[in-house]
Protein chains: 2
Amino acid sequence: MRLLLVEDDRLLAEGITSQLEKAGFSVDITHTAKEAVILGEQEDYKAGVLDLGLPDGNGLDVLRQWRSSKVTFPVLILTARGDWQDKVNGLKAGADDYLAKPFQTEELIARLNAIMRRSEGRVHSTVKVGRFELDENRQCLQIEDGTEHSLTGTEFRLLRCLMGRPGHIFSKEQLMEQLYNLNESPNENIIEAYIRRLRKLVGPETIATRRGQGYLFNDAV
Amino acid sequence: MRLLLVEDDRLLAEGITSQLEKAGFSVDITHTAKEAVILGEQEDYKAGVLDLGLPDGNGLDVLRQWRSSKVTFPVLILTARGDWQDKVNGLKAGADDYLAKPFQTEELIARLNAIMRRSEGRVHSTVKVGRFELDENRQCLQIEDGTEHSLTGTEFRLLRCLMGRPGHIFSKEQLMEQLYNLNESPNENIIEAYIRRLRKLVGPETIATRRGQGYLFNDAV
DNA sequence: CACGAACCTGAACTCTTTCTGAAAATCCGG
DNA sequence: CCGGATTTTCAGAAAGAGTTCAGGTTCGTG
């Protein structure tokens, strides 16, 4: 679940990032408007967090440029407390939500989850495929036979990706992009390793291999 | 993999086409806006390349008309170098990417592949001939009796080629060109070997041999 | 009708990709 | 700084895809 955080205060950015990563996101940080525009257009994020005050330009311009170039992921803007104007302009420019500084990271996470769910057209925070149900709040997998398994961060992100689109083939490269940000680039064998662990939970048939193409979550029970 | 190329410079159009065909696309050319609108609406293309300067109308109007009549395939527009305005208007009108003239055909191919990949998630792209349906996302073949077979990379590329133009005879040399690049040049018997594998799936009658000419996918059920 | 060319067929071979189990490295709370 | 949980790497085994081969069959032509 990749996010882009645009925030010029480096210390604050680091703080937010470390908490977001604990919550299971993979975060790219940028401090400038220019880089933000490029990253947003080129990388495949699931959401963006945008501070409006940037050294080299207005955050709203970043947002407008994204929207005019078909960047569709949901964006949450950070505004100074009580700055009504910024909020209205932001929503006009295509933002999906806003949050006044200062804020609790918990609230940021909650709101991010909300706009991401909304953008996917879902309401429930659980993904159900066949006899499996993935609980996004508790980060655990329930199986129809009553058993329940809690997942580690990486296990969860990978499984959510696969279960989010049952029957669709994800290449190893795509999965790498979803799990890791630009800085991290572990051995591609890591995907195989995690696929193996997930199979121990869901059974070997449930996650199928398409040799040379990738992996898919079987939607047939 | 059918494309529509809208370009009024006939010489340029021919040149681009021959290279695109080498890259495995099957290209229809048109030189007028009027014909472009009709073809785009009636035929089932996987992508379009649209030059903005046309003798009988503006390319952007073609694009707008397509989009308003539910033509969803991704479109790449060709603009004059540095014409910022065209680019922005194009993206607003529903283009998926743009390329400034003059360009390298390699770049055109790379961008086409990119926008097609991006649009894959949204559009369910399948080729249907008789009682067979080839799913290009999942790289598998569905038959009317309900069975489904996943294909290996080479099987898929060969079958897509044949099914992309049912009834048309492809020579072994042409098929070789579709499946392999200049560096690879395996024994020509490889085509026979794969044809045999495909026949085991679709039945011996469905892929006919024209001795001395090539193979074709039978249009009639 | 006989002959060669083109095509078919099944199996064997090679090479790449994936699986697997375990060990090493890293992270994190106490 | 320690110990457990988690992540990452590694290397050999297994499986699968791609390719070749050798011999058989069919077809068209002279």
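Below, chains carry the letters A, B, ... as their sequence lines are ordered, and counting in each starts from 1.
As judged by a 4.0 angstrom heavy-atom cut-off over every strand, A:Arg199 is placed among residues touching the sugar-phosphate backbone only. Residue contacts shown for B:Phe156 are absent, as no nucleic acid heavy atom lies under 4.0 Å away.
C:dC8 atom C1' lies 8 Å from atom OH of B:Tyr215, rounded to whole Å. In this entry the distance linking CG of B:Leu216 with P of C:dC7 reads 13 Å, nearest Å. Here D:dT6 presents its C1' atom at 18 Å from NE2 of A:His149, a figure rounded to the nearest Å. Rounded to an integer number of Å, the gap from CD of A:Glu184 to C1' of C:dT26 is 12 Å. Straight-line distance from the CD1 atom of A:Ile191 to the P atom of D:dT9: 11 Å, rounded to whole Å. The distance from atom CD of B:Gln213 to atom P of C:dC7 is 10 Å, rounded to the nearest whole Å. Here D:dA5 presents its P atom at 13 Å from CD of A:Glu155, a figure rounded to the nearest Å. Going from atom CZ of B:Arg157 over to atom C1' of D:dA17 covers 11 Å, rounded to whole Å.
Taking only distance into account, the side chain of B:Arg197 meets the base of D:dT19 through a donor-acceptor pair shorter than 3.5 Å.
Remark: side-chain polar atoms of A:Asn187 are not paired, donor with acceptor, to backbone N or O of A:Ile190 under 3.5 angstrom. Under a 3.5 Å cut-off, the side chain of A:Glu192 and the backbone N or O of A:Asn189 do not form any donor-acceptor pair. At least one donor-acceptor pair under 3.5 Å links the side chain of B:Arg157 to the backbone N or O of B:Leu179.
Each of A:Asn189 and B:Ala193 was matched to the nucleotide of DNA chain C holding its nearest heavy atom; the match closer to the 5' end belongs to B:Ala193.
The side chain of A:Glu192 lies closest to C:dT20 when the candidates are C:dC7, C:dT20, D:dG18. Listed nucleotides D:dA17, D:dT6, D:dT9 differ in distance to A:Pro186; the shortest reach to its side chain belongs to D:dT9. Closest to the side chain of A:Asn187, from the set D:dC10, C:dC7, D:dA17, is D:dC10. Taking the side chain of B:Arg211 as heavy atoms from C-beta on, and the options D:dT7, C:dC8, D:dG28, the nearest nucleotide is D:dG28. Distance from the side chain of A:Thr209 is smallest for C:dC19 among the nucleotides D:dT9, C:dC7, C:dC19.
A close approach under 4.0 Å does occur between a side-chain nitrogen or oxygen of A:Tyr180 and OP1 or OP2 of D:dT8. For D:dG18, one of the phosphate oxygens OP1 or OP2 lies less than 4.0 angstrom from a side-chain nitrogen or oxygen of B:Thr152. The shortest distance between the side-chain N/O atoms of A:Lys172 and the OP1/OP2 oxygens of C:dT17 is not below 4.0 Å. Regarding contacts with the backbone of D:dT7, a side-chain N or O of A:Thr154 is found under 4.0 angstrom from either OP1 or OP2.
A side-chain donor-acceptor contact under 3.5 Å links B:Thr209 and B:Arg199.
Put simply, the side chain of B:Asp28 does not reach to within 4.5 Å of the side chain of B:Leu3, judged on heavy atoms. The shortest side-chain heavy-atom distance between A:Met176 and A:Ser185 does not fall under the 4.5 Å cut-off.
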